[in-house]
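Before any comments, here is the structure.
Note that this is a predicted model, so its numbers are computed, not measured.
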Amino acid sequence: MPHTMSRMGDVLAGFHAAWEFESDSVLIRYERGIRTPKLFQALGERRVPLDAIAGVTLTRGRRGTVVLRVEPRPGADPLMEAAAGQLKESGDPYRLVLPAEREVLAEYYADELRGLLTESGPADRFLVEPPKGPLSFKAYDGKASFDGRTVNFRWFWTGASSAKWKAGDQSFSVGELNGVEWRSPEVFEGHLRLLRRDAGESAAQADQDPAAVVFGLGYGPVHESLPFAAAVLAAVRTSSPVAAVPAAAPRRDPADIAERIRHLGELHQAGLVTDEEFSVKKAELLAEL
């Protein structure tokens with residue numbers, strides 16, 4: 001019996017992933033082996049609707065392989081929008097690498113997919129589901145967390161600049177945001193910057209901007225920071241601007257407060273914080289107890 005895309009459940013397995021072809025989508029399941037890229041492991045699986053796909057290609061790969069790839073429509077996938085072309089080829093979640101002897105079968109599925117595609121051009125909304133929250137990761141200068149509604153940056157005294165310490169921990173509702181700017185930690189000056197609706201383009205470097213966390217030295221890896229950025233971007237695109245509502249400050253661990261006051265004192269002694277700034281910030285920290 002010949003293969004047919006109308007019969008749900010046909011599976012094409014390759015290296016690190018298997019694609020299940022259904023009547024209206026392709027379900028991509030990523031392996032969890034030690035050789036599987038960490039981004040794939042973090043994603044787990046993704047359902048890609050056919051109307052999110054602009055095209056399909058099949059090319060020769062390296063070392064006796066072929067590569068089947070679906071091309072997502074611009075604006076259809078928050079992960080690819082956040083990545084903005086910065087992913088390495090080996091980390092592209094839309095590539096399925098197969099042994100060369102499976103080329104004929106791969107060509108069959110490529111042709112079948114092409115025959116089912118009806119959409120092209122940019123999508124007016126996200127069609128692929130974003131990574132599920134809540135999400136968090138450690139950057140070099142702070143911890144970023146997102147619960148689906150609010151992004152929080154909590155600074156590390158070992159990495160945060162004096163500018164960020166002066167500004168204090170930050171909290172941003174998705175209604176305040178206009179988008180995100182993700183720069184891969186695998187390139188120079190990686191960071192995640194939140195773009196606010198009421199602010200122009202920031203000229204500050206990421207390590208001085210309280211709306212950004214910086215990557216490096218193993219902090220903010222792609223498999224943690226990119227899904228985070230994609231989830232925030234998707235939430236921003238589906239929210240409407242709302243006035244920020246101040247939330248009650250959570251009670252902090254006294255040991256943490258003491259450590260922050262100690263670091264603030266070091267900045268004061270080094271001349272990086274004025275007497276007035278030291279007094280005001282110390283009072284703010286004590287008020288969190």
Would you say [X] and [Y] are hydrophobically clustered, going by side-chain heavy atoms of ILVMFWY under 4.5 Å?
X      : Y      : value
Leu117 : Leu96  : yes
Leu192 : Leu195 : no
Leu58  : Leu12  : yes
Phe21  : Tyr108 : yes

Does a side-chain heavy-atom distance below 4.5 Å link [X] with [Y]?
X      : Y      : result
Val26  : Ile28  : yes
Phe146 : Phe137 : no
Ser136 : Lys143 : yes
Ser173 : Arg149 : no
Val151 : Phe228 : yes
Leu113 : Leu50  : yes
His223 : Gln41  : no
Ser145 : Asn152 : yes

What residues form a side-chain contact (heavy atoms from CB on, under 4.5 Å) with [X], not counting sequence neighbours?
X      : result
Glu89  : Arg62, Arg95
Ala212 : Arg193, Ala206, Asp209
Ala18  : Val11, Ala13

field: With Trp155 via ring-ring contact (aromatic ring centres under 6.0 Å, His included) - residues at least two apart
entry: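 Phe153.
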task: Check whether any side-chain N or O of Ser161 sits under 3.5 Å from a backbone N or O of Asp207 as a donor-acceptor pair, and report yes or no.
output: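 Flag set: sc Ser161 to bb Asp207 pair under 3.5 Å.
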field: Short side-chain to backbone donor-acceptor contact, Gln208 and Gln205, under 3.5 Å
entry: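 Absent.
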To the closest 0.5 Å, what do you measure between [atom1] ([X]) and [atom2] ([Y])?
X      : Y      : atom1 : atom2 : answer
Leu43  : Thr36  : CG    : OG1   : 12.0 Å
Glu224 : Leu135 : CD    : CG    : 10.0 Å
Leu87  : Leu39  : CG    : CG    : 6.5 Å
Asp51  : Asp24  : CG    : CG    : 8.5 Å

If the threshold is 4.0 Å, N to carboxylate O, is there a salt bridge linking [X] and [Y]?
X      : Y      : result
Glu22  : Arg47  : yes
Asp198 : Arg196 : no
Arg114 : Glu107 : yes
Arg46  : Asp77  : yes
Glu176 : Arg197 : no

Show me the side-chain donor-acceptor pairs of residues 126-134 shorter than 3.5 Å, one per line, residues at least two apart or across chains.
none

Excluding sequence neighbours, so at least two apart, what forms salt bridge (charged side-chain N to carboxylate O under 4.0 Å, His left out) with [X]?
X      : answer
Arg125 : none
Glu103 : Arg60
Arg237 : none
Glu71  : Arg69

message: Could you walk me through whether Leu177 and Leu194 satisfy the side-chain contact (heavy atoms from CB on, under 4.5 Å) test, starting with their C-alpha distance in whole Å, then the side-chain angles of each, then the deciding distance to 0.1 Å, before giving a yes or no?
response: CA-CA 7 Å; Leu177 304 177; Leu194 303 178; 3.9 Å; yes
So which atom in [X] and which in [Y] form the shortest heavy-atom distance, rounded to 0.1 Å?
X      : Y      : result
Thr150 : Ser171 : CG2-OG, 3.1 Å
Glu186 : Lys88  : OE1-CE, 3.3 Å
Tyr94  : Pro72  : CE1-CG, 3.9 Å
Ala82  : Leu226 : CB-CD1, 3.9 Å
Gly220 : Phe215 : CA-CD2, 3.6 Å
Ala229 : Val180 : O-CG2, 3.8 Å

side-chain contact (heavy atoms from CB on, under 4.5 Å) between His191 and Glu181, worked out: CA-CA 8 Å; His191 64 262; Glu181 176 185 84; 2.7 Å; yes
- prompt: ring-ring contact (aromatic ring centres under 6.0 Å, His included): which pairs involve residues 31-55, sequence neighbours left out?
  reply: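 Non-adjacent pairs meeting ring-ring contact (aromatic ring centres under 6.0 Å, His included): Tyr30-Phe40.
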message: Using side-chain contact (heavy atoms from CB on, under 4.5 Å), reason through Leu27 and Trp19 one step at a time and then give a plain yes or no.
response: CA-CA 6 Å; Leu27 177 61; Trp19 290 11; over 6 Å; no
query: Taking the hydrophobic residues Ile, Leu, Val, Met, Phe, Trp and Tyr, and joining any pair whose side-chain heavy atoms are under 4.5 Å apart, which ones share a cluster with Val214?
result: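 So far as hydrophobic clustering goes, Val214 is joined with Tyr140, Leu217, Tyr219.
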- prompt: Who else is in Val97's hydrophobic cluster (ILVMFWY, side-chain heavy atoms under 4.5 Å, direct or via others)?
  reply: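 Grouped by the 4.5 Å side-chain rule, Phe15, Val67 form the rest of the cluster around Val97.
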